[in-house]
Structure formats: structure tokens, C-alpha cells
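To start, the structure under review is shown below, and the notes come after it.
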Amino acid sequence: PTGATRVGAPSGATASGATPRICFPDTGYFGYRQGGDSLIVDCGPVGPDYQPGHAHCDTLSYELCVDGQRVIVDSGVYGYDLDARRKQARQTAGHNTVEVDGREQSELWGAFRVARRAQPLSPTIGQWQQDGLEFRGAHDGYRRLPDRPVHTRRVRMQAGGPWEVFDLIAGVGDGLHRVLNRIHIDSDLDVQQESATTFTLKNPQSGLQLRLSVTCDGPVRLQSGYYFPEFGLCRDNKIIVIEGQGQLPFEMHYRIERP
């Protein structure tokens, strides 16, 4: 009907062709879409409190598409049986976010059970400024750990790139902690490590090529993994892992751009 709004349509689209801005604070999805490029960040509740059975540890995770092609991907869902693939899909390590001390953002068990869960803290996304905008949000899922860590993330987006992710893990004590920041790459992309902190992502079929550069201290490694782009479908992929060890706060930053 005339005047109807498509379900899921990003807010901020204009008849003049301005880049749409995605801002759904009630569900926790933020980002933008322009042509074949899009970036969506998840900073909402893991689900309704009365039924969080489909929850994943994906708070502050994001997905990125460039030129209509998936680049940074979510773990997805393979199935609902209580097996290793169900665990992989739900755990923090299966998402593009930060893990602290080997613990989960939200306490999951079984195939559909959740106990204490991460709560989003003040997610916001700015307006477009000179073809760029910035998301900022945090969650309290690790406050149950010693030193009460809080993960804050900023994502800076430019129309056409680059795309930058800034992470801060801060606490109130001087204990030692281990922080892992994972980036899951789509299986259609070949990933080559060019230096200790720089990776080339290339789709040999389409010719899409990107550079991912880690600019923070700490070891960076490339490991094999898998994800589920469709229900019942498993694909091998590569995961870039940034590691930090020591006292809080930790600051992490990486940048994805066209070469």
C-alpha cells in the first residue's frame, strides 16, 4: 500500500539518495547500508527475558559486506541438536567480539538455556558527518568476573570504507586478564598474512581485495574455523585472533580498507 514501510528497512534513507543509516535501538541493531556495502552491529538484549532460548553470545558483534559480498560473518545457526556445532554457534568465540578470561558474555548451557546474560549499555549511533558515522556501545556481561571488566566498542564507518573497530576492556582492579578479539572471515575470501599485523582478504572469483591491519599491541594469529551461512550448511573459514594479556585496561584497534 501507498506509504507503507518495508519491515527491516533502515532508518534515515532519503529521496535525495543520502546513505541510509540503520538505527533500531529497541532491537539493538545499528549501522548503515549503501549500494553493496553494509555494516550492522548488534548491541541489544540477547532475547526476551521470559524466553532467551535462541540467545547467542553476540553482543557487540558485527557483520560487514563490501560490493555485495560477505566479508566479516556471523557464526549463524547449523541446527538445534545439542552438539558441538550448536555450541560453536552460540558461544562468544563464534562471533566478532571480545572474550575475557575464557568466559562467555552470557552463561549458556544445554541447547536453549541461558542464565546470567550480557546487558547492553547505552548504544548510540551518530548522524552522517562528511560521509562517515560512528557507533558506540558497551555491555556488562563480564562484570561478574574479578575486576568487573566492561567491554566498550566503537565502530567508525566511512561510505565506501575504511571501517575501523576500537575496543576498550576496562575494570576496577589490578588483576591479570587474557582478552581475545576474533574476526571471522567469509569462506569465499582467501586470507594471506602479509606481516605480523597485516592481512590481505581476496575473493579470487570477483577480484574484491581488502586489507585488514591490526594497530594495537599483542600477538595476532590466523586460525582455521567454520561457520554456518545457512541452516544445516557448514563452511570452513579463517579467523583472525588478536590477543592481550596483563592488567586492564586493554585497548584494541583494527582497520579494514580497500588497498
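- Distance CG/D67 to CZ/R258: 4.5 Å, rounded to 0.5 Å.
- The 12-atom threshold is exceeded at CD of E194, counting heavy atoms of other residues, nucleotides or ligands nearer than 6.0 Å.
- Here the CD-OG1 distance, from Q105 to T59, works out to 4.5 Å after rounding to the nearest 0.5 Å.
- For the pair V71/L189, a side-chain contact is recorded, criterion being any heavy-atom separation below 4.5 Å from C-beta on.
- Checked by atom type, the side-chain pair H177/D101 shows a donor-acceptor distance below 3.5 Å.
- Two different hydrophobic clusters hold L60 and V150 under the rule that ILVMFWY side chains link at heavy-atom gaps under 4.5 Å.
- Side-chain atoms of N237 come within 3.5 Å of backbone atoms of Y226 as a donor-acceptor pair (strictly under, hydrogens ignored).
- Residue D190 places its CG atom among more than 12 non-hydrogen atoms of other residues, nucleotides or ligands, all under 6.0 Å distant.
- Partner of C43 under the side-chain contact (heavy atoms from CB on, under 4.5 Å) criterion, out of S61, S122, P120: P120 alone.
- Annotation for Y29: atom OH does not count as buried by contact number, only 12 or fewer foreign heavy atoms lying within 6.0 Å.
- Residues V214 and I239 are members of separate hydrophobic clusters, defined by side-chain heavy-atom contacts under 4.5 angstrom among Ile, Leu, Val, Met, Phe, Trp and Tyr.
- With hydrogens and angles ignored, the 3.5 Å screen pairs a side-chain donor or acceptor of D42 with a backbone N or O of G44.
- Contact annotation: the side chain of R178 approaches that of L180 to within less than 4.5 Å [non-hydrogen atoms, C-beta and beyond].
- When the ring pair (Phe, Tyr, Trp, His ring centres under 6.0 Å) test is applied to F250, no partner is found at least two apart in sequence or on another chain.
- For the atom pair CD1 of I240 and CG of L212, the computed distance is 4.5 Å after rounding to the nearest 0.5 Å.
- With 3.5 Å as the limit, one finds no donor-acceptor pair spanning the side chains of Q69 and D188.
- Under the 4.5 Å side-chain criterion, counting only non-hydrogen atoms from C-beta, R33 is in contact with I22.
- Shown are E104, E99, R103; of these, the side chain to side chain donor-acceptor pair (under 3.5 Å) with T92 is made only by E104.
- In this structure, the side chains of V41 and L39 come closer than 4.5 Å at one or more pairs of heavy atoms.
- Between Y142 and I169 the shortest side-chain heavy-atom distance does not fall below 4.5 Å.
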Chi angles and distances behind the side chain to side chain contact (heavy atoms under 4.5 Å, CB included) call for T152, D167
CA-CA 6 Å; T152 300; D167 290 297; over 6 Å; no
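- Through direct or indirect side-chain contacts shorter than 4.5 Å among Ile, Leu, Val, Met, Phe, Trp and Tyr, V73 is connected to Y227.
- For the pair Q245/L176, no side-chain contact is recorded, criterion being any heavy-atom separation below 4.5 Å from C-beta on.
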Run the side chain to side chain contact (heavy atoms under 4.5 Å, CB included) test on F199 and K238 for me, step by step, so that the C-alpha distance in whole Å, both residues' side-chain angles and the decisive distance to 0.1 Å come before the verdict.
CA-CA 11 Å; F199 300 82; K238 296 296 183 182; over 6 Å; no
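- Applying side chain to side chain donor-acceptor pair (under 3.5 Å) to T215 and the options E251, R255, H253 leaves one that passes, H253.
- Looking at S75 and H95, their side chains come closer than 4.5 Å, going by heavy atoms from C-beta outward.
- Environment of CD in Q130: sparse, with no more than 12 heavy atoms of neighbouring residues, nucleotides or ligands closer than 6.0 Å.
- Residues L121 and D140 meet the side-chain proximity criterion, which asks for heavy atoms closer than 4.5 Å.
- Shortest non-hydrogen contact noted between P259 and L210 is CD-CA, 4.0 Å.
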Kindly determine whether V241 and Q223 satisfy side chain to side chain contact (heavy atoms under 4.5 Å, CB included), including the steps that lead there.
CA-CA 8 Å; V241 184; Q223 66 182 42; 3.7 Å; yes
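- F135 and L168 fall into different hydrophobic clusters, where Ile, Leu, Val, Met, Phe, Trp and Tyr side chains are chained together by heavy-atom contacts under 4.5 Å.
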Give the intermediate values and the outcome of side chain to side chain contact (heavy atoms under 4.5 Å, CB included) for residues Y32 and Q158.
CA-CA 10 Å; Y32 84 101; Q158 293 287 130; over 6 Å; no
